[in-house]
Every structure is written in structure tokens, then in C-alpha cells.
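See below for the structure under consideration.
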Amino acid sequence: MKQFISVDDVPGVPRMVDIALDYKKNPFKDKGLGAQKTLGMIFLNPSLRTRLSTQVAARNLGMEVIVFNIGKEGWALEMNDGVVMNGSTTEHVKEAAAVMGQYFDILSIRTFPGLVDKAEDYTEKYIQQFIKYAGKPVISLESATLHPLQSLTDALTIRETWQENRKPKVVMTWAPHVKALPQAVPNSFAEWMNNWDEVDFSITHPEGYELDPKFVGNAPVIYNQQEALKDADYIYVKNWSSYKDYGQIINSDSSWMLTNKHLEVTNNAKVMHCLPVRRNLVIADEVLDGPNSIVVQEAGNRTWAAQAVISEILRNQ
Amino acid sequence: MKQFISVDDVPGVPRMVDIALDYKKNPFKDKGLGAQKTLGMIFLNPSLRTRLSTQVAARNLGMEVIVFNIGKEGWALEMNDGVVMNGSTTEHVKEAAAVMGQYFDILSIRTFPGLVDKAEDYTEKYIQQFIKYAGKPVISLESATLHPLQSLTDALTIRETWQENRKPKVVMTWAPHVKALPQAVPNSFAEWMNNWDEVDFSITHPEGYELDPKFVGNAPVIYNQQEALKDADYIYVKNWSSYKDYGQIINSDSSWMLTNKHLEVTNNAKVMHCLPVRRNLVIADEVLDGPNSIVVQEAGNRTWAAQAVISEILRNQ
Amino acid sequence: MKQFISVDDVPGVPRMVDIALDYKKNPFKDKGLGAQKTLGMIFLNPSLRTRLSTQVAARNLGMEVIVFNIGKEGWALEMNDGVVMNGSTTEHVKEAAAVMGQYFDILSIRTFPGLVDKAEDYTEKYIQQFIKYAGKPVISLESATLHPLQSLTDALTIRETWQENRKPKVVMTWAPHVKALPQAVPNSFAEWMNNWDEVDFSITHPEGYELDPKFVGNAPVIYNQQEALKDADYIYVKNWSSYKDYGQIINSDSSWMLTNKHLEVTNNAKVMHCLPVRRNLVIADEVLDGPNSIVVQEAGNRTWAAQAVISEILRNQ
């Protein structure tokens, strides 16, 4: 594996899930694999799970890890070419990425979308500039439009909790929020589920919240949440801002918040969320504190997803 | 040892002092004890000594350490149950603590009191929520009302500097300050000294600065500083804000600042302070730069206190 | 080597260049040298290259590294003696440095000049206070007036890229900028080149930008940039604010920005810069993106310079 930006980079979702679950059983089995190699973790945005689990994963493989909060410990980077840099940016990504590529064996980076310019966000300008200039493998710690470490985690969490001899019905549902959030997690979850034939995947959201068709693919989209959730085995809850009316909050209908009532029509569905989750806004306390929630187990699995990804890149070096 | 929140968690003060002083003689004698284990250090507030010495201590034991400035690198946590999270908090401690408990083998956390709501501070809501949900041993790096790593350090500093064949007289004195400070250090020092029969302990402060009786215990409280310091072998200097008139500065009498004059009535007392200390406000230059001050040695001992605590928790896992 | 503050601390520039280039060939040849020792990296100012490359270098030598952003993770330090600390500083450098000296085997620190009080900056008050009180070897990660890790890097970059059997002509040229920058990099580069007989060194800048004569030494200073650059083998580009009119921007003549046109009179000169560089303000895109620029290679060499410095200090302990 040469990089990890989207599902297109991996040797199959099932294979990645296998590798991750193996590490969960034996975290230190490859503790020499990353010896004398360093992972750089570059944060342009806040992070809890990704920041911590990826460090643990890299150390499990014997790598050194250096964390760099570039905006707070360094300075603002210029992403546009040909600019006279007499404003607020201090260094161009051409230099910054190329320099960091010399210090690190693998670069990982978190960057959020601006949610203003759809074209700019959806060309993944920022992470693509890093890939172009770093000269080393790049791992996405969440980019403007995708969060593949989360999606791999979600797949392995479904695999390890599913016991029956049929494909589970997995429904991703929009939920309300007070802030305009990126589409990265839902885009990525859709992309991974569509590339994984171990599940039956569908999506439900209010009209106007249609995601980029590139990621939705052939997944059924149902505007009636209750109808969509019928017989669901897994509910993947997530808010996102509008793709069409880009970056806008066009609906805050609190009836979309997941409650125990919603679970009644399901097949005793397990409830997932990438976290952080705002309680009683996105998901009700009664669900998060009840037996159907697997959000904490899901978050714990982030370590194994990251370890699978890093190990595959190390094996390719 | 299952956690380290107060003196109640340790197998005796003398035993902890022994362990710490052994590590001071031989820092690397247990360098395999923490192998393949990770200490998470969660900071909600600034820290110098605790931050640095605890990292050194954990590495001496072979542990991995991950530092996380949660407010700056992550986001604000919700501590209250049942809240509709449509405000400034992004994640509930229920999830955050439970998730971090899956990444770390030991969680340590620093959190300060608000100094507004006495009941909330004195129930140690914040650290108790972490203990409740983390599912892993928790070490206090200073909490709302206690700072046990400091107190253990203070005990071992007294032990290693005391040569005579009698109990030293240890006097904790209030000193002025321009900011309203927590009661955590004096509460904790009182608690530890009261639980340690190697010293004679007493307290002096202006009227109105009475500490929580729970921590003062049977220690004599003397309002006349000069009388209290008579024949002292150790003076433990510290400012705190009022417990009664909660969080208020009710006295800023500069005569309470420790000077060489104050030392005249003592038994050539050694002067201690947890640091940081504001010079010429809390303690005069002449004292800090003179032969009686042991504040730097005391701070250096933080490493061995932390190493004793971490090692005892590791041995219990 | 006891400390690393300026060229005066090293056993000769050629020797340091040799050591650094050896590490570039074999980064892990001394991986046990720093075992059970810890490097403290104290940042009062932002940093990218220094922060990352020095961490990599120390780890290559087997050291533990602890990074501390003192202003953001700790608090402001008082640098002046005798002050009543009732203002914004929380801890005196006397305590802070002495305490950190007990946790670390080597202390490294980055601090910038205020660019207001020339005498204060040029006495290097801040780093000298750390040296005075730390009680451990101190490495400059850039101080008020010097940046020796950068200069050593520059020397080894010249050595490794120079193939001819004569001394290269190295010209340091001032370039425009929108902010008032320190003189640390040009001071230090001049100091190192003047102490290295492998190069012919000269300086060019507009009138009024004369550097401290202590660092300029006998290097020719030519006010006509084109004349100065004639037959240059290396051009070292850097902005600095005025030393005479201290900390001021007295000229922003954009003709001093390095372009391909400037290269025409040179001996196909290689172009160097310490980075970060503001494109099309200090150096034109065409130069940075062209074959003459070695700025990224130069930045990559920071690791080997740092490793040489740390190793020499470790060997002396």
C-alpha cells in the first residue's frame, strides 16, 4: 500500500479488516516492523481519537512518532501556487511538505474542509498538495471529504459484532446538529460500505442532504427515516451539512435525533457513531447509555485500523 | 494500588517514601515494568513540573507516554449528565473517558477547580467522572482539591533532608498572592502530614483562611505566624484562596511573605514550596537564594514520587 | 563540547561538518549513545524544522525527548532579578531552569529577540539565564542573536554539494520582507563562514542593514547586489531587520528579491535559505522551483547537524 487516502488505496476491505482484527488479538506481533522509522502526525485541526489511537498503533509497530500541531506550534501554510506571500501565510506547502518528507518515513495529516468553496474542498487540495510534495507515503487522519481510518474501523466493528449467517442491514442516518459539519465521515462510510460485499447498505436523510453521488453510488437513499430503519441490524448515525447547498444547515428537525423509539422498528440494531457525539442532540442519552450502543467499542477499534494501515505501508517500503 | 487520587489510595506514606527514594538511587532498576504499556497524560490546565517529571518517571519504567492537552488539541468536555449538548461542549466525559481508557493502560489527568461552586469542586466531579468512565487506573496530576504527587514529593524531601533523631517540626504557612489560587496543595499537604507519624505538623494562616476541616484534622492551627514558626525545622509556604468565603482573596497582608526575618525564630528551618513561586510576593529573594531554601531539590524529587506511584499501579495490573 | 550557543563552542567547523556527514551516511551508528538520557526541548516561539529534526536526531542517538511549549502548556517566565512578581509572570527563570535541569540531561531552548531593546537582545539575556541556572548543557534552538544549528547545517550543505578543487564563493544577500525579522540567522551564518576556511565569504545588503561588526568580521560588505553576486557559487538569501535602526524595516526594495535574472551573473550559483521563505517576496517561484535551489536538501540536513551537536555533548558527559 502506497498511501491511505481513500478505499481505493487498500487491497480490499475484507483484507484490511482481517489485518486489523489480527492486531487486536496480538498488538505486538510486529513490534520490530517500524524500527528506526518515524511517523509524522501533522494536525491542522483538533483531534482526540485519531490523535491518540494512531500514536498507540505506530508505537505498537515499533515506530517513533512525532506530533506537530502545525498551526499552533508552527505557522500558517500557503496552499496556492504563484502567490506573492506578503500576507498571513509564512511558508508554502511546497517547502513544508518536502521538508517534513525528509524527516519522516510516513507522513500523516488531518485537515478539515473550509465548507465554503465546494470545488476546492472536493479536489482535496490540501492533502493532495502534501502528497505531491512530501515524497513519502501519506496517511489521511481525515481530510476535507473523507475519513478512511474511521471507515475501516467501522467495518471491523461490524465484522466483529456480527454473528449471523446473513448480510447485516446497515443504515446510515443523518441526525441534527447545531454546527455545520463536514461530509467526510458519511462520504467515507458510504464509500467503504459500497466496496464491501459483507453488508447491505442504505442511507436515510432529509431532502436536501444528498451526498456527492460519487460516494453514494448505488446505495438506496430513503427520505423517510422510519421506513429506512426498518429491520436494520446496524444504524450509523451522523450529522453532516448540505452538499448541494454547500456547507449550509438546511434542516434541524429534532425528530431525526436517534432515540429508543427509533430502535423499535429495527432488528434490535446496534448503534454506531464516529464520536464526538453531542448527547440529546444527535443521539439521546437512553440510546448511548443503553445496550444497543457500541460507540465506545467502535472508538477503541481505531487503534487496530490505524495499525493495519501503517503496517501495510511499512511492508511496502 | 488501584488509583492515586489521595493519601487514602497508598499503602502508607512511609512505604511510598521508601519506594520513591529507592528509585532516586536507581532510576532504571524497573525499566521493564511498564513495557508495552502506555500512560495517557490529559491536561486541562497548564503544568511544568508535573508534566515533565511524570513523563520522565514513566519512561524510566519503560512505559510509552502520550500527552494530550485536551482543551487545546481537542475540545471542551461536558461533565453534566442529561444535558442537551447544543452549547459549547463537543463531547461528553462518558465517551471521552471511556474511549481514552481503551487506548491507555493508565490515565492521568490534571484539572483545576472553578473556585466558584464549592460543592462542585469538593465533590471532585471532574476527576470522579473520569474514574467512573475510564475503566482504567487514574492518577491525579492535581485535581480540584488535592495534589497528592506533590505531597508525596514533599514527604520524601523531608525524609531525605532530615538528619536528627527526633521528629521535625513542620509548619505550613499561608502567604500572600495576587491571584485566587486553589486549596489543592495545602489540603493535600495537610492530609499527608496528618497521615505520617514521622513529623510534628501544624498550620498558620490569617483568620478566614481556614481550610476544610476534613484535611486539617487534628493539626494545630495558629493565627500568629511568628508564634507558629518558632523552632520550626521545615516551613512549607503556600498561598491559597479562602475556603469559607469560597475562592476569595480576603487578606493580602504582605507581612506574611516569608523573609529572612521570619527564619530567625526557627530552628534554621528549611523552606519548601511546590512552585511556581512568585518571588518577593510569596517568598523573598533573600530566602529563595539563600541556604535555607530546598525548593529546587523538592521539585527535582517530583520524578521519584511519580515513579513510585506509577510503579505501584503497574504492579497491581 | 559543553554547550552549543555559538561557533565558539565547537571543536572546529570542519570537524562538526565531518561528524554530521557521517551521521547522514549512517544515522543509527550511535544508537546507544543517548540511552537513559533525556533531551528537553523548550519552545518560547514557533518552530518547524528545528522542532522536528532535533527530535529525530535525538531519537537516532537513543535519547528520550520531551517537548515543552512553555508559553502555551506552562506559563510566562520572569527573566529579571529582584522584581516583585505581582504582574503577568508566574515563575522566575531561576526556578524554572534549575528545575528543568533536574529532569533533563540536556536542555535545548528556542527564544526570539524582542527587537526593541538592542542591548537586552544582544546580551542574550534569556538563553544566558537558562545556562546560568540549568546546571546542564544547553543547546540553542535559535536564540535572540544566533542560530548555530542552522549555520552548521549550511556549512555541511555547502561541503556536500561542492565538487570543485577551489574554495566556493559564498555570498549572503539581504532580501525584502513584510515583517521585521531577527538578525539571528545572518549573524550566525556570517560567524560560521568567517570561522571556516573552506569558503570565500562576502555579504551584500542595502545601506542601513549593516549587521553587528562582531559577526561580520573581515567579510567584504558590498552594497551593490549585482556586483556582489558576480561569479557566486552559493547565494545565501535572508531578510533581516536593521541592526543600526534596531528592529526597523528601513528598505523594502523589491529589486533585492532573488530572481533568475540575479543568477545570470553568478557561476550557476546554488541558492540557499534557512526557511520558511515567503515566495515571490524573498525569492521568486522560478528560483525555488528551478534547478539552482537547494533549500529543501539544506532543510533535510538539519537532522544531521543536530545529531552531530547532541552526540558531541553526550560524549562529554
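Chain letters run A, B, ... following the sequence lines, proteins first and then strands; every chain starts at 1. These values consider heavy atoms only, across backbone and side chains, with no hydrogens, waters or symmetry-generated copies.
Between C/Phe4 and C/Trp192, the ring planes lie perpendicular to each other; the angle is over 60°, past the 30° to 60° tilted range.
When heavy atoms are compared at a cutoff of 4.5 Å, A/Glu91 approaches chain C by way of both its backbone and its side chain.
Using a 4.5 Å heavy-atom cut-off against chain C, the contacting residues of residues 18-55 of chain A are A/Gln36. Close approach to chain A, defined as a heavy atom under 4.5 Å from one of its heavy atoms, is seen in C/Val56, C/Arg59, C/Asn69, C/Lys72 of residues 56-73 of chain C, taken by number.
For the 3.5 Å distance criterion, the side chains of A/Gln102 and C/Arg302 fail to qualify, holding no donor opposite an acceptor. Side chains of A/Ser241 and A/Gln183: a donor-acceptor N/O pair is present below 3.5 angstrom, by distance only.
Nearest heavy atom pair, residue C/Val237 against residue C/Leu258, reads CG2-CD2, 3.8 Å.
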| field | CA sep, side-chain torsions, deciding dist, call: A/Tyr246, A/Asp117, side chain to side chain donor-acceptor pair (under 3.5 Å) | value | CA-CA 8 Å; A/Tyr246 192 63; A/Asp117 180 336; over 6 Å; no
| request: Carefully, step by step, assess A/Glu124 and A/Thr145 under the rule side chain to side chain donor-acceptor pair (under 3.5 Å). | output: CA-CA 7 Å; A/Glu124 290 282 7; A/Thr145 70; 2.5 Å; yes
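In terms of heavy-atom pairs under 4.5 Å with chain A, the best-connected choice from C/Val296, C/Leu281, C/Val282 is C/Val296.
Using modelled atom types, no side-chain atom of C/Asn301 and backbone atom of C/Asp154 make a donor-acceptor pair closer than 3.5 Å. Checked by atom type and distance alone, the side chain of C/Ser143 never pairs as donor or acceptor with a backbone atom of C/Ser140 at under 3.5 Å.
Among pairs with a residue in residues 282-299 of chain C, those fulfilling salt bridge (Lys or Arg N to Asp or Glu O under 4.0 Å) read A/Lys94-C/Asp289, C/Arg279-C/Asp285, C/Arg279-C/Asp289, at least two apart in sequence or across chains.
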Contacts table for residues 126-136 of chain A: side-chain donor-acceptor under 3.5 angstrom, sequence neighbours left out:
residue  : atom : partner  : partner atom : Å
A/Gln129 : NE2  : A/Met79  : O            : 2.7
A/Lys136 : NZ   : A/Gly101 : O            : 2.6
A/Lys136 : NZ   : A/Phe104 : O            : 3.0

